[in-house]
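Report on the structure given below.
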Amino acid sequence: PTSLLARFDFQLSQATTSSLGQFCVQFGGYLVILYILYTGKRSSAGQDSQEKIQEKIDSFSFSSLWFSILGSGLSLTVGQYSALMIQHGHGLTLGQRVVYFLACIFNTMAMMTTT
């Protein structure tokens with residue numbers, strides 16, 4: 001019986017490691033690029049170069065990461081939800097499914113903000 005339960009752990013593990021890792025790398029890369037730009041702006045002496053760097057900083061906005069954040073969150077949430085539905089899908093009412101899906105959303109937010 002434990003082998004039946006353990007075979008579905010791969011799906012949740014795969015969703016966690018791939019999408020959470022992708023989110024961390026992209027967000028970390030965004031922060032590193034901004035750090036490099038701000039450091040270059042502080043160390044440059046000319047007004048023209050500071051203005052050019054400021055233009056790059058303004059054009060490199062956080063909104064470029066929203067689709068990645070939403071995709072990673074959706075992947076984590078669906079991975080958790082489908083792991084439950086594979087094992088217990090026929091024994092749950094609609095209310096229980098909704099409550100569990102909300103719990104998956106909150107768990108995803110916790111995973112993405114504490115890692």
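- Under a hydrophobic clustering in which Ile, Leu, Val, Met, Phe, Trp and Tyr are joined whenever their side-chain heavy atoms come within less than 4.5 Å, directly or via other members, Met111 and Tyr81 fall into different clusters.
- Of all non-hydrogen atoms in Thr108 and Gly73, the two that sit nearest each other are CG2-O, 3.6 Å.
- Alongside Leu70, the hydrophobic cluster contains no other residue (criterion: ILVMFWY side chains under 4.5 Å).
- With sequence neighbours left out, the side-chain contact (heavy atoms from CB on, under 4.5 Å) criterion links Val25 to no other residue.
- If you take SG on Cys104 and CE on Met109, they are separated by 12.0 Å, rounding to the nearest 0.5 Å.
- Looking at Leu84 and Tyr100, their side chains come closer than 4.5 Å, going by heavy atoms from C-beta outward.
- A continuous path of Ile, Leu, Val, Met, Phe, Trp and Tyr side chains, each step under 4.5 Å between heavy atoms, connects Met85 with Ile105, placing both in one hydrophobic cluster.
- Taking 4.5 Å as the limit, every side-chain heavy atom of Asp58 sits out of range of all side-chain heavy atoms of Glu55.
- In the hydrophobic cluster analysis, where Ile, Leu, Val, Met, Phe, Trp and Tyr join through side-chain heavy atoms closer than 4.5 angstrom, Ile69 is grouped together with Ile33.
- Under the 4.5 Å side-chain contact rule for hydrophobic residues, Ile57 and Leu31 share a cluster.
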Would you tabulate the side-chain donor-acceptor contacts of residues 34-42 under 3.5 Å, counting partners in other chains and residues two or more places apart, or write 'none'?
| unit_1 | atom_1 | unit_2 | atom_2 | d |
| --- | --- | --- | --- | --- |
| Thr39 | OG1 | Tyr35 | O | 2.7 |
| Lys41 | NZ | Gln54 | OE1 | 2.3 |

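- Shortest non-hydrogen contact noted between Arg97 and Leu92 is NE-O, 3.7 Å.
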